[in-house]
Amino acid sequence: MWMISGQNQSWVSEFILLGFSSDPTTNSILFTVFLLIYLSSVLGNGLIVLLICLDSHLHTPMYFFLCILAMLDMGYVTTTMPQMLVHLLAKSHTISFAGCWIQMYVFGALATTESTFFVVMAYDRYVAICHPLHYTVILNWGLCIWLAAGTWICGFFFSLLHTFFIMSLPYCGPNKVSHYFCDSPSVRSLACMDTHLIGMVDLVLSVFVIVTPFSLIVTSYIRIAMAVLKIKSTQAHNKAFSTCASHLTVVTFFYGPSTYIYMKSNSSYFPERDKQISLFYNAFTALLNPLVYSLRNKDIKRAFLKAIGNIKVYC
């Protein structure tokens with residue numbers, strides 16, 4: 001039973017995640033595709049974490065931040081995709097109310113942490129390019145740890161507020177969520193009350209976790225561009241812009257879809273389109289990060305070849 005009866009009202013005790021399709025053949029194809037995406041994301045990000053931990057030459061603030069980004073990607077893609085893969089093959093697509101609460105909270109916490117963490121990475125590039133001689137003094141290990149811890153604290157705090165507002169709404173049916181995971185706009189649309197006020201609260205929270213970080217990132221790169229343009233060397237120009245290109249690519253793929261999903265009104269909610277777009281900041285961004293940072297990064301490539309060489313010698 002998916003309803004719990006009260007004195008005058010019935011309350012939803014579980015949700016049904018509709019996913020992408022009800023056709024078994026289509027679901028089998030999607031299962032194969034998404035399984036490959038998930039495994040590639042986890043293995044790729046896991047490899048980056050392993051290489052950074054093992055290679056002492058990568059024990060710098062930039063790679064410390066990259067290591068944390070890879071762990072965040074593995075975390076939030078694992079929050080949603082394994083369950084989606086199970087639902088693609090299983091007949092039952094249900095998730096308990098508590099399970100939905102936990103999934104929404106953990107996913108929101110990790111995604112919000114990543115959103116604010118991109119600001120830290122932009123600041124790292126700003127210091128490296130605009131104040132190279134003082135880089136290790138400004139970004140000492142104490143500050144790096146505090147910056148990393150601060151993003152995690154902000155992420156889990158804002159997600160707690162957001163999830164509390166959404167899951168405290170009355171849900172009395174229907175219980176079918178038009179999504180592949182418990183995404184807040186999709187769940188909120190099922191509440192049996194006017195959610196206009198909650199939507200406004202969501203918008204305010206989105207300003208803090210999306211617009212503000214993005215504005216700080218843009219400001220950092222404007223300062224970086226101004227500093228780079230003052231350099232006369234073409235080689236220095238190319239090196240500086242190449243250093244920032246990887247970060248800008250990932251930021252674009254993350255903030256673009258998330259801005260569309262979480263900063264629009266209830267009247268602009270289109271379930272089918274929204275869950276397809278959400279794949280970009282959920283699955284594809286986590287897949288893109290190791291590709292961008294490893295293929296464009298000579299230090300990561302060198303650490304990988306060194307690790308392969310050590311394995312061959314050991315064998």
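- Counting heavy atoms from C-beta outward, Tyr76 and Thr113 have side chains that stay 4.5 Å or more apart.
- For the pair Val49 and Met74, the minimum side-chain heavy-atom distance is below 4.5 Å.
- One N or O on the side chain of His93 and one on the backbone of His87 form a donor-acceptor pair closer than 3.5 Å.
- Crowding of Trp146 atom CH2: a count of heavy atoms from other residues, nucleotides or ligands under 6.0 Å not exceeding 12.
- Atom CZ of Phe253 has 12 or fewer heavy atoms from other residues, nucleotides or ligands within 6.0 Å.
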- Task: Walk me through it: do Cys192 and Cys172 pass the test disulfide (SG to SG under 2.5 Å)?
- Result: CA-CA 6 Å; Cys192 47; Cys172 49; 2.2 Å; yes
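- Met193 approaches Pro170 most closely through the heavy-atom pair SD-CD, 3.3 Å.
- Note that CG of Leu66 and CG of Asn289 are 8.0 Å apart. Values are rounded to the nearest 0.5 Å.
- Side chains of Met62 and Leu139 form no contact here, defined as non-hydrogen atoms less than 4.5 Å apart.
- Using a 4.5 Å heavy-atom threshold, the side chains of Met104 and Ser184 count as touching.
- Looking at heavy atoms from C-beta onward, Tyr38 lies in side-chain contact with Met81 at the 4.5 angstrom threshold.
- Taken together, the cysteine pair Cys67 and Cys53 keeps its SG atoms at least 2.5 Å away from each other.
- Atoms CG and CD1, from Asp73 and Ile68 in turn, are 12.0 Å apart once rounded to the nearest 0.5 Å.
- The ring-ring contact (aromatic ring centres under 6.0 Å, His included) test with Tyr180 is passed by exactly one of Phe34, Phe20, Phe15: Phe20.
- Using a 3.5 Å distance cut-off with no hydrogens or angles, the side chains of Asp55 and Tyr63 do not pair a donor with an acceptor.
- A distance-only check finds no donor-acceptor pair linking the side chain of Ser186 to the backbone of Cys182 [under 3.5 Å].
- Note: Trp152 and Phe156 have parallel aromatic rings, judged against thresholds of 30 and 60 degrees for the angle between ring planes.
- The side-chain heavy atoms of Val177 and Leu18, taken from C-beta on, include no pair separated by under 4.5 Å.
- For Ser40 (side chain) and Ile37 (main-chain N/O), no donor-acceptor pair under 3.5 Å exists by modelled atom type.
- Ile29 is not listed as a side-chain neighbour of Thr26, based on a closest heavy-atom distance of 4.5 Å or more.
- Side chain of His59 to main chain of Ile52: a donor-acceptor pair is present (N/O by atom type, distance under 3.5 Å, no hydrogens or angles).
- Looking only at side-chain heavy atoms (C-beta outward), Met167 and Cys100 come within less than 4.5 Å of each other.
- No path of Ile, Leu, Val, Met, Phe, Trp and Tyr side chains, each step under 4.5 Å between heavy atoms, connects Phe118 with Ile153, placing them in separate hydrophobic clusters.
- Ring geometry for Phe214 versus Tyr255: interplanar angle of 30 to 60°, hence tilted.
- Here the straight-line distance linking atom OH of Tyr105 with atom CG of Leu110 works out to 9.5 Å at 0.5 Å rounding.
- Side-chain N or O atoms of Asn45 include one that pairs as donor or acceptor with a backbone N or O of Ser41 at under 3.5 Å.
- Here the CZ-CG distance, from Phe31 to Leu89, works out to 4.5 Å after rounding to the nearest 0.5 Å.
- Ring geometry for Tyr126 versus His131: interplanar angle over 60°, hence perpendicular rather than tilted (30 to 60°).
- Between the side chain of Thr151 and the backbone N or O of Phe117, no donor-acceptor pair lies under 3.5 Å.
- Environment of CZ in Phe97: crowded, with over 12 heavy atoms of neighbouring residues, nucleotides or ligands closer than 6.0 Å.
- Of the inter-residue distances, the one linking His162 atom NE2 with Ser159 atom OG reads 7.5 Å to the nearest 0.5 angstrom.
- Between His179 and Phe181, a ring centre-to-centre spacing shorter than 6.0 Å is recorded.
- Rounded to the nearest 0.5 angstrom, Met121 CE and Leu147 CG are separated by 12.5 Å.
- When all heavy atoms are compared, the tightest approach of Ile224 to Cys130 is CA-SG, 4.0 Å.
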